[in-house]
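Note that the coordinates shown come from a computational prediction; the quantities given were computed from them, not determined experimentally.
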Amino acid sequence: QFCRNDRIGLPGMTKGVRGMPKPAENLEQQTEIDLDSMRVADYLRTNPDFLDRHPEVLAQMGAPKRFSDGEPVIDMQQFLLERMQSEMGRLQFCASEIIAASRSNMSIQARSHAAALAMIGASELDQFLEIISEELPVLLDIDVVTIGFELQGPVRHELQGALVRRLPTGTVNALIGPGQDVMLESEAFGSSVIYAGAAGLVRSQALVRLHETPSVPAGMLALGSREAGLFQPGQGTELLCFLAHVAETLLQKWLQPKS
């Protein structure tokens with residue numbers, strides 16, 4: 001009889017079978033829980049503004065039910081409260097996404113401004129072309145940037161260097177589209193006509209039109225990344241057009257006929 005009682009554990013006994021809870025220990029644990037609950041309640045009473053200062057805690061708390069589970073009553077207040085908490089969680093997630101996107105946009109804007117300043121800092125055309133091919137990829141955090149022109153007939157010696165891509169006539173309109181200034185492609189395979197030896201790196205690209213003038217042939221800036229999806233249709237193109245406009249202005253200055 002003693003052995004059987006020892007296996008099941010009698011009230012007041014502190015010893016139990018391995019793996020089974022001990023009544024005395026359970027009592028101590030329950031006492032600790034009760035004391036913790038009392039401490040929390042006392043703290044909230046002495047700090048009535050706690051939930052005002054930490055509303056996120058309130059949003060995660062459950063409200064007391066006004067009806068027992070056995071009663072056939074639908075508690076609309078409980079339903080509305082739970083829906084409000086769910087909506088608050090969704091709004092907080094959306095706010096976090098907006099903040100992250102804003103920070104990303106600020107970073108892209110800062111990089112674009114740095115790239116523009118680098119181009120403006122060039123003192124001659126050759127230096128400008130070097131900045132485009134060597135510095136802009138670093139400043140814009142991409143893999144390759146090239147500049148190319150649709151060159152026909154005799155080519156001005158200023159545009160005969162290795163840093164300028166020679167494009168067949170009609171390439172700009174064919175790739176970017178008539179009347180369009182930017183083409184964004186999330187899944188791309190780089191063309192050697194545009195990127196030369198770096199074509200194999202390109203998995204996403206942005207092509208930006210350089211408008212033709214009497215002294216500057218039609219051309220484009222090509223920005224390539226090995227990260228597929230970096231450039232995507234629907235993204236904002238204002239900063240890309242800004243960089244192209246800076247490049248157009250500088251090219252006009254260096255390529256206009258000298259009087």
Side-chain angles (χ1 to χ4, degrees), residues 90-149 163-165 167 172-173 175-191 194-196 198-199 201-213 216 218-255:
R90 188 182 69 83
L91 291 175
Q92 288 175 345
F93 174 78
C94 290
S96 299
E97 290 290 302
I98 291 173
I99 292 172
S102 298
R103 289 174 176 169
S104 176
N105 289 339
M106 290 178 63
S107 174
I108 294 172
Q109 181 176 344
R111 289 180 178 278
S112 299
H113 289 169
L117 289 174
M119 289 191 290
I120 294 171
S123 58
E124 58 183 9
L125 180 59
D126 288 344
Q127 185 182 10
F128 166 78
L129 297 174
E130 290 179 0
I131 288 172
I132 286 180
S133 63
E134 298 176 8
E135 295 188 26
L136 259 59
V138 177
L139 293 172
L140 298 175
D141 193 25
I142 54 179
D143 291 285
V144 56
V145 179
T146 66
I147 186 170
F149 298 97
L163 298 179
V164 176
R165 304 304 303 158
L167 307 175
V172 177
N173 278 338
L175 294 177
I176 298 178
Q180 302 297 315
D181 288 329
V182 182
M183 190 279 289
L184 303 175
E185 194 172 8
S186 59
E187 300 286 342
F189 293 95
S191 168
I194 300 174
Y195 298 106
L201 293 174
V202 177
R203 291 296 176 267
S204 180
Q205 66 180 353
L207 306 179
V208 193
R209 181 186 298 273
L210 298 175
H211 292 89
E212 184 177 10
T213 68
V216 181
M220 67 181 180
L221 281 175
L223 297 82
S225 171
R226 72 180 69 201
E227 180 182 345
L230 181 67
F231 299 106
Q232 297 185 16
Q235 290 177 335
T237 59
E238 294 82 0
L239 292 173
L240 291 174
C241 291
F242 167 69
L243 291 178
H245 182 65
V246 171
E248 289 171 346
T249 303
L250 294 172
L251 288 166
Q252 182 69 24
K253 178 181 71 171
W254 286 312
L255 296 178

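Taking the side chain as every heavy atom from C-beta outward, Phe149 and Val164 approach each other to under 4.5 Å. You'll find the side chain of Val208 reaches within 4.5 Å of the side chain of Leu223, heavy atoms only. For the pair Pro137/Val144, no side-chain contact is recorded, criterion being any heavy-atom separation below 4.5 Å from C-beta on. The shortest side-chain heavy-atom distance between Phe128 and Ile131 does not fall under the 4.5 Å cut-off. Proximity of Phe189 to Arg203: side-chain heavy atoms (C-beta onward) are separated by under 4.5 Å at one or more points. Side chains of Leu163 and Thr146 form no contact here, defined as non-hydrogen atoms less than 4.5 Å apart. With contacts defined as side-chain heavy-atom distances shorter than 4.5 Å, the pair Leu175/Ile194 qualifies. Within the 4.5 Å cutoff, the side chain of Leu210 has heavy atoms near those of the Leu251 side chain.
Atom CD of Gln127 and atom CE of Met119 lie 13.0 Å apart (nearest 0.5 Å). In this structure, CG in Leu136 is found 7.5 Å from CD1 in Ile142, a value given to the nearest 0.5 Å. If you take NZ on Lys253 and OG1 on Thr249, they are separated by 9.5 Å, rounding to the nearest 0.5 Å.
Across Ala222 and Leu207, no two heavy atoms sit closer than the pair CB-CD2, 3.6 Å. Of all the heavy atoms in Met183 and Ile176, the pair that sits closest is CB-CA, 3.9 Å. For the residue pair Ser204 and Ala228, the shortest heavy atom distance occurs at CB-CA, 4.1 Å. Nearest heavy-atom pair across Leu139 and Ala118 is CD1-CB, 3.8 Å.
Between the Glu248 side chain and the His211 main chain, a donor and an acceptor come within less than 3.5 Å of each other. Remark: side-chain polar atoms of Arg209 are not paired, donor with acceptor, to backbone N or O of Leu221 under 3.5 angstrom.
Under a cut-off of 6.0 angstrom, the local environment of CZ in Arg226 is sparse, with at most 12 non-hydrogen atoms contributed by other residues, nucleotides or ligands.
Side-chain contact of Gln252 with Thr213: a donor-acceptor pair under 3.5 Å is present, judged by distance alone.
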Review point. Does the pair Arg165 and Tyr195 meet the rule for a side-chain contact (heavy atoms from CB on, under 4.5 Å), with working shown?
Key: CA-CA 8 Å; Arg165 304 304 303 158; Tyr195 298 106; over 6 Å; no

Please report, to 0.1 Å, the donor-acceptor pairs under 3.5 Å made by any side chain of residues 229-247, with sequence neighbours excluded.
unit_1	atom_1	unit_2	atom_2	d
Gln232	NE2	Gly229	O	2.8
Gln235	OE1	Gln232	N	3.0
Gln235	NE2	Leu230	O	3.1

